[in-house]
Amino acid sequence: MRISWRRLLALLCYFAGILGWCYVGAYMILSKTVWGLVLAFGARQLSVMTLVGALIEVFIYLSLAGAVWCVGYMLSDYFKDKDKESKQRPRM
């Protein structure tokens, strides 16, 4: 199996989408939102409004993480399709 630059670029885009999802989805949520809730609970400052705000923030971050992954996946699919087209087209 020969690896073309388009296939390599498709793989790179796919993994960039996954890493972007991990950063935005996991790191941003854990470092900001969940850690803020833990600190508020430890300081006995946790309220319903803080909890609702954190849930809204988690929803926004997870939506953004999904969008980042989707962009990486779409770019990967675009380069894979281009690679298939170039293999099917006869060379002259």
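Positions are given from 1, in the same order as the sequence printed here.
Leu9 and Phe15 end up in different hydrophobic clusters when Ile, Leu, Val, Met, Phe, Trp and Tyr side chains are linked at under 4.5 Å. Cluster annotation: Phe41 and Leu37 are assigned to the same hydrophobic cluster (Ile/Leu/Val/Met/Phe/Trp/Tyr, side-chain heavy-atom contacts under 4.5 Å, transitive). The hydrophobic clustering, which links ILVMFWY residues whose side-chain heavy atoms are closer than 4.5 Å, places Val24 and Tyr27 together.
Taking NZ from Lys80 and SG from Cys13, the interatomic distance works out to 11.0 Å, rounded to the nearest 0.5 Å. Atom CZ of Phe79 sits about 9.5 Å away from atom CG of Leu12, to the nearest 0.5 Å. In this structure, the separation between CG on Leu64 and CD1 on Ile60 is 9.5 Å, given to the nearest 0.5 Å. Note that OG of Ser76 and CZ of Arg6 are 14.0 Å apart. Values are rounded to the nearest 0.5 Å.
Under the rule for a side chain to side chain contact (heavy atoms under 4.5 Å, CB included), the partners of Trp69 that lie at least two apart in sequence or sit in another chain are Tyr14, Ile18, Trp21, Tyr73. With sequence neighbours left out, Ile29 forms a side chain to side chain contact (heavy atoms under 4.5 Å, CB included) with Val34, Val58, Tyr61, Leu62. In this view, Thr50 and Ser47 satisfy the side-chain hydrogen bond (donor to acceptor under 3.5 Å, both in side chains) rule, not counting sequence neighbours.
With Ser63 contributing its side chain and Phe59 its backbone, the two residues share a donor-acceptor pair below 3.5 Å.
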